[in-house]
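Let me begin by presenting the structure, written as C-alpha cells, before commenting on it.
Index from 1, following the sequence. Predicted model, so just to flag it, every value in this text is computed and none were measured.
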Amino acid sequence: QRRALPTGDDSLGGRPGRHWAWQAKPQQEWIADAASGHLALQAVANDTGNLRTVPQVLGQPLPGIPSDATVIVDLDGPEGARAGIAVLGRGYLWAGVRVTATGTRLIVATRAEGGLSETVVHDEALDGAGARLGISCDEEGRLTVSVGEPGEQRVVLEGHQATAGQWIGAELALFAAAPIGGDPGP
C-alpha cells in the first residue's frame with residue numbers, strides 16, 4: 001500500500017491534522033493561539049541542542065515514495081530559539097530559523113546517529129524573521145533542502161540520507177524550541 005503526504009494543512013484552523021503526532025504527550029501550551037488560522041507552535045524553553053529529545057516536535061512518517069514538503073516559518077522568540085522543518089530518525093536534518101544576538105539566521109543542520117552535536121551545513125542572515133523551507137525526499141530516502149525568503153527558493157543541500165528512527169522509519173517533523181531554562185517565545 002502506498003502512502004502520500006496530504007496535499008496541504010492550510011485550512012485546519014491553526015491545529016495539526018490527524019496525520020500529525022507529537023513525540024510526547026501533548027501539552028496545550030505547545031500550540032500558540034494563531035489568529036491567522038495557521039499552525040503556530042510555541043518555542044518552549046526545553047531545547048538541549050538535540051531535536052530527538054524535544055517533546056514538542058510534531059511529526060508524520062515519510063511516505064516511502066518521492067515527496068515534497070514546504071513550510072513558511074516566522075519566528076519571534078528569545079535568543080537561541082529555533083523553529084523549522086526536519087526529517088528525524090536516529091540521525092536527523094533540520095532547516096529553519098534561529099534567533100541570535102545579531103539577528104535572525106536561516107540554518108540547515110544535521111546530526112549523525114550517535115553524534116554528540118549538530119553540524120551546521122548552511123547559515124545565512126535573514127532580512128526578516130521568516131523563511132520558506134522545503135525538504136524533498138526521493139525513493140531512496142535522499143533529501144534535498146531548499147531555503148529562502150518567501151517568494152525566493154534555492155537548493156542548499158542535496159543527497160543527505162534520511163535514517164530510520166528507533167521504532168519507525170524516518171519522520172517529517174515541525175518544531176519550535178528555545179534554549180533550556182530560558183523564556184519561551186511569545
Side-chain angles (χ1 to χ4, degrees), residues 1-10 12 16-17 19-21 23 38-39 41 47 49-52 54 56-75 81-100 104-177:
Q1 180 178 359
R2 292 173 64 117
R3 296 182 311 193
L5 296 175
T7 58
D9 288 321
D10 292 341
L12 294 175
H19 47 280
W20 293 96
Q23 301 300 304
H38 298 290
L39 181 63
L41 300 179
D47 188 359
N50 184 347
L51 282 180
R52 291 182 302 238
V54 173
Q56 72 276 4
V57 171
L58 194 56
Q60 62 176 283
L62 282 177
I65 59 174
S67 57
D68 300 302
T70 304
V71 297
I72 295 175
V73 175
D74 186 18
L75 178 61
R82 60 180 173 158
I85 186 170
V87 174
L88 295 178
R90 288 189 173 121
Y92 65 80
L93 170 146
W94 72 273
V97 294
R98 174 176 283 163
V99 177
T100 70
T104 303
R105 311 286 302 175
L106 193 154
I107 305 286
V108 177
T110 63
R111 187 172 184 140
E113 179 179 348
L116 298 178
S117 63
E118 295 179 349
T119 300
V120 174
V121 296
H122 183 81
D123 181 353
E124 69 180 79
L126 282 176
D127 289 335
R132 184 179 175 93
L133 312 164
I135 296 180
S136 298
C137 183
D138 70 12
E139 62 278 348
E140 302 297 323
R142 290 181 300 260
L143 306 173
T144 298
V145 178
S146 58
V147 300
E149 296 186 35
E152 172 262 321
Q153 287 287 111
R154 66 193 176 290
V155 172
V156 295
L157 180 67
E158 291 183 280
H160 181 83
Q161 185 64 52
T163 60
Q166 181 70 31
W167 306 109
I168 63 171
E171 286 186 279
L172 178 69
L174 303 173
F175 70 93

(request) Return the minimal non-hydrogen interatomic distance between Leu62 and Ala162, and the atom names on each side. (result) CD1-CB, 4.4 Å
(message) Using 0.5 Å steps for rounding, measure from the CD atom of Glu139 to the CD1 atom of Ile65.
(response) 10.5 Å
(request) State the CZ-CD distance between Arg154 and Glu124, to the nearest 0.5 angstrom. (result) 4.0 Å
(request) Could I get the full list of ring pair (Phe, Tyr, Trp, His ring centres under 6.0 Å) partners for Phe175, not counting sequence neighbours? (result) Trp94
(message) Looking at every heavy atom in both Gln161 and Glu140, which two are closest together, and how far apart are they?
(response) NE2-O, 2.8 Å
(request) Could you tell me which residues satisfy side-chain contact (heavy atoms from CB on, under 4.5 Å) with Val120, sequence neighbours excluded, listed by chain and number? (result) Ile107, Ala109, Asp123
(message) Return the CG to CG distance between Leu106 and Leu126, rounded to the nearest 0.5 Å.
(response) 4.5 Å
(request) Find out whether Thr70 and Arg132 are in side-chain contact, i.e. whether some heavy atom of one side chain is under 4.5 Å from a heavy atom of the other. (result) yes
(message) How close do Gln23 and Val54 get, counting heavy atoms only, and between which atoms?
(response) CB-O, 4.2 Å
(message) Using 0.5 Å steps for rounding, measure from the CG atom of Leu172 to the OG atom of Ser67.
(response) 7.5 Å
(message) Nearest 0.5 Å, please: how far is OG1 in Thr100 from CZ in Arg105?
(response) 6.0 Å
(request) Answer whether the closest heavy-atom distance between the side chains of Val71 and Leu39 falls below 4.5 Å. (result) no
(message) Keeping Glu113 on the side-chain end and Ala164 on the backbone end, is there a donor-acceptor pair under 3.5 Å?
(response) no
(request) Check for a donor-acceptor pair, side chain of Gln56 on one end and backbone N or O of Ala177 on the other, with a separation under 3.5 Å. (result) no
(message) I'd like to check the side-chain contact (heavy atoms from CB on, under 4.5 Å) partners of Asn50; sequence neighbours left out, ordered by chain and number.
(response) Thr48, Arg52, Thr53, Tyr92, Arg111
(request) Please determine which of Ile85, Val121, Val108 meets the side-chain contact (heavy atoms from CB on, under 4.5 Å) test together with Val145. (result) Val108
(message) Does Thr104 form a side-chain contact (heavy atoms from CB on, under 4.5 Å) with Leu75? I'd like the steps, not just the answer.
(response) CA-CA 8 Å; Thr104 303; Leu75 178 61; 5.6 Å; no
(message) Can you list everything that forms a side chain to side chain donor-acceptor pair (under 3.5 Å) with Thr119? Sequence neighbours excluded, please.
(response) none
(request) Mind checking salt bridge (charged side-chain N to carboxylate O under 4.0 Å, His left out) for Glu171 and listing every partner two or more places apart, or none if nothing turns up? (result) none
(message) Just to verify, what does Ala173 make a side-chain contact (heavy atoms from CB on, under 4.5 Å) with, not counting sequence neighbours?
(response) Val57, Ala86, Leu88
(message) Testing the basics here: between Val97 and Ala131, what is the closest heavy-atom pair and its distance to 0.1 Å?
(response) CG1-CB, 3.8 Å
(request) Not counting sequence neighbours, which residues clear side chain to side chain donor-acceptor pair (under 3.5 Å) with Ser146? List them please. (result) Gln153
(request) Report the residues that fulfil side-chain contact (heavy atoms from CB on, under 4.5 Å) with Glu158, sequence neighbours left out, ordered by chain and then residue number. (result) Thr144, Val155
(message) Taking the side chain as everything from C-beta on, heavy atoms only, tell me whether Leu51 gets closer than 4.5 Å to Arg82.
(response) yes
